[in-house]
Amino acid sequence: MSFNDDPQWWRSAVVYQVYPRSFADADGDGTGDVRGMIDKLDYLAELGVDAIWVSPWYASPLADGGYDVSDYRDILPEFGTLAEADAFVEQAHARGLRVLIDLVPNHSSDEHPWFQRALAAAPGSAERELYLFRDGQGPDGDEPPNNWPAMFGGGAWERTTNPDGTPGQWYLHLFDIKQPDWNWENPAVADEFDDILRFWFDRGIDGFRIDVANSMAKAPGLPDCAVDPETGEPVAMVLTGTPYMNQPHVHDILRRWRTVADSYADSGLGPRVYVSEAWVTPAEELAKYIRPDELHTTFNFDALMCEWTAASQRNVIDLTLASTGAVGAPPTWVLANHDTTRVVTRYGRSVTGARFTPTGIDHEAFAGIGAVPAGATDVALGRKRARAAVLLELALPGGAYVYQGDELGLEEVEDIPEELLQDPTWERSGHTVRGRDGCRVPMPWSGTQPPYGFGTAETPPWLPQPTDWSGLTVEAQNRDPNSHLALYRTALAERRANPALGDGGLSWVEGLPEGVLAFDREPGFRCVVNFGPEPYSLPEDAEALVASGDVSAGVLGADEAVWLRR
Ligand code: NOJ
């Protein structure tokens, strides 16, 4: 197999997200590793994706699952070695698969040597200027420098202790205490990240997924967030813009990175590309991240959070196409990732979506980010909808992401014992929000009981797997032509072969019954999704190419989707 050498490959690529800790465990110690990833390259090539995004594999104390990097130029020993990472890239390329890796530029680990040096240095020193250290407020400096909250709960400032044991300055951490924010006003930080990009581009990486791409730039003077007059709590308008999110000058950083990527245009691999993780609303604001001289693509979280109804889905698709089209970029569809509740579980709940609110995501109502709303989950319904959802996702114009395990129809694991929870959200929220571990449970590959080919009975997976996943393993699904995995393989193969799919446009089919959404793409393709509840009779002359359910009687059932040749 050879590369898709179209220089625009990224406009329609299907990218598979590997979360290394939970993907495949070659050495059987209960933690995923790079050798495991190499072993599964044939699986990914057969699945039919175009590229792989590897969540952080860098040296890290894993305080936030690897999004706390202590060395950006080395691999976590538990995961493997730099030589193995090189082999992974080389062997992925040999199978025609491109490789994106994660860049975590907002913060490092507190165990990064530069932060350790900063702690040991005096206030005002060059070492401290690499991060955001400030004196505290109040007579003894014992109040934080401002009122910013941290994403995982609590305040965003941590006080240091001087060598003589007295309380010292504070440092900023928008996420966990162990994730100090870099000072992006310091040119040394910008230079360092250019160098990190080049380090990996030189090793043949095809691109980067940029972690919290909207957060590096902070408002000058680090002013307080607005305060809710009723509660006195800071109102962090995280998604629309705060003093620490979506500041206009963040775009200068993105333009700089684009220049670095573009300098590799003639290096033989084709363009090096970026996808941004930016939880930004509204869509026009997000589209600024993918202007022609900034990043190439950005995850569409509006669509991820959209409820499972025809009207809402059509609305979000229209907004996305308009906003990305206005800047000449392709949309990037994503059903789930390592931060969100598994799609099967989300769509199996009574509340299937959420709206961005000015202060963030409505946790009470949304089954999405580690929150568990009241009411039982109908997993069978969720799985049925997830099958339809992937056909919708893969039929839409642009690129798409598949989170590991979604091709198996895995559900969120909601009964992980509290003492085993690893997400820092659990501690930082005072044990009120369980966090994201439920979507990070290691993959079931084979066998009829845990660890399903991941680890051994003596060294079980780092998070426990359910005992009823024997029918969901890759081995079991390989035997079933109607399995979730089989649907993914069929759909991805059709997507590759069908010239109507990938980049481009769509036209809606009007006049359909309520609950049914259909669009055409040229040449000769139609996608029909029945959000329910009534069955829908398909046009008699249409040939079904791929269907999420049984359409042999010419009827599309509730919560089903079909691809047709017109
Ligand atoms: C977004 C990542 O996806 C998430 O896992 C991480 O906790 C935060 N950024 C902080 O790096």
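Heavy atoms only: backbone and side chains are in, while hydrogens, waters and symmetry mates are out. Here the structure is a predicted model, which is why all the values come from computation and not from measurement.
You'll find the ring centres of Trp184 and Phe193 inside the 6.0 Å limit. Taking the six-membered ring for Trp, Phe531 and Trp308 have ring centres closer than 6.0 Å. Ring pair Tyr171/Trp157: centre-to-centre distance not below 6.0 Å. Here Tyr72 and Phe199 keep their ring centres 6.0 angstrom or further from each other.
Distance check, rounded to the nearest 0.5 Å: CG of Asp503 to CH2 of Trp9 gives 13.0 Å. A distance of 7.0 Å separates OG1 in Thr352 from OH in Tyr347, rounded to the nearest 0.5 Å. Note: Phe201 CZ to Leu269 CG = 10.5 Å, rounded to the nearest 0.5 Å. Going from atom CD of Glu294 over to atom CH2 of Trp257 covers 11.0 Å, rounded to the nearest 0.5 Å. Interatomic distance, CG of Leu556 versus OH of Tyr536, reported as 8.5 Å (0.5 Å rounding). In this structure, NE2 in His249 is found 10.0 Å from CE in Met216, a value given to the nearest 0.5 Å.
Between the side chain of Asp181 and the backbone N or O of Leu174 there is at least one donor-acceptor pair closer than 3.5 Å. A donor-acceptor contact shorter than 3.5 Å is absent between the side chain of Arg272 and the backbone of Gly207. When atom types are taken as modelled, the side chain of Arg526 and the backbone of Phe519 share no donor-acceptor pair closer than 3.5 angstrom. Although no hydrogens or angles enter the test, the distance criterion places no donor-acceptor pair under 3.5 Å between the side chain of Asn214 and the main chain of Met245.
Taking all atoms of both residues into account, the shortest heavy-atom contact from His251 to Asn246 is NE2-OD1, 4.4 Å.
The existence of a salt bridge linking Asp559 and Arg383 is excluded, since no basic side-chain nitrogen approaches an acidic carboxylate oxygen closer than 4.0 Å. A salt bridge links Asp252 and Arg255; the closest N-O separation between the charged side-chain nitrogens and carboxylate oxygens is under 4.0 Å. The pair Arg11-Asp6 fails the salt-bridge criterion, with no side-chain N (NZ, NE, NH1 or NH2) lying under 4.0 Å from an Asp/Glu carboxylate O. Salt bridge Asp293/Arg256: absent, no basic N to carboxylate O contact under 4.0 Å. Salt bridge annotation for Arg436-Asp64: present, with a cationic side-chain nitrogen under 4.0 angstrom from a carboxylate oxygen. Using a cutoff of 4.0 Å between basic side-chain nitrogens and carboxylate oxygens, Glu522 and Arg566 are scored as salt-bridged.
At a cut-off of 3.5 Å, with distance as the only test, no side-chain donor of Trp182 or Asn106 sits close to an acceptor on the other residue. A donor-acceptor pair shorter than 3.5 Å can be found between the side chains of Tyr67 and Ser55.
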Show every donor-acceptor pair shorter than 3.5 Å between a side-chain atom in residues 390-406 and any protein atom, with sequence neighbours excluded, or say none if there are none.
residue, atom, partner, partner atom, Å
Tyr403, OH, Cys439, O, 2.7
Gln404, OE1, Tyr19, N, 2.7
Gln404, NE2, Ser22, O, 3.4
Asp406, OD1, Arg342, NH1, 2.8

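The environment of Asp266 atom CG is sparse: at most 12 non-hydrogen atoms of other residues, nucleotides or ligands sit within 6.0 angstrom.
Counting heavy atoms from C-beta on, the side chains of Leu564 and Leu545 never come closer than 4.5 Å. In this structure, Thr298 and Thr332 have side chains that are not in contact, with every pair of non-hydrogen atoms separated by 4.5 Å or more. Between Trp148 and Lys218 the shortest side-chain heavy-atom distance falls below 4.5 Å.
Aromatic ring orientation, Phe23 versus Tyr43: tilted (interplanar angle from 30° to 60°).
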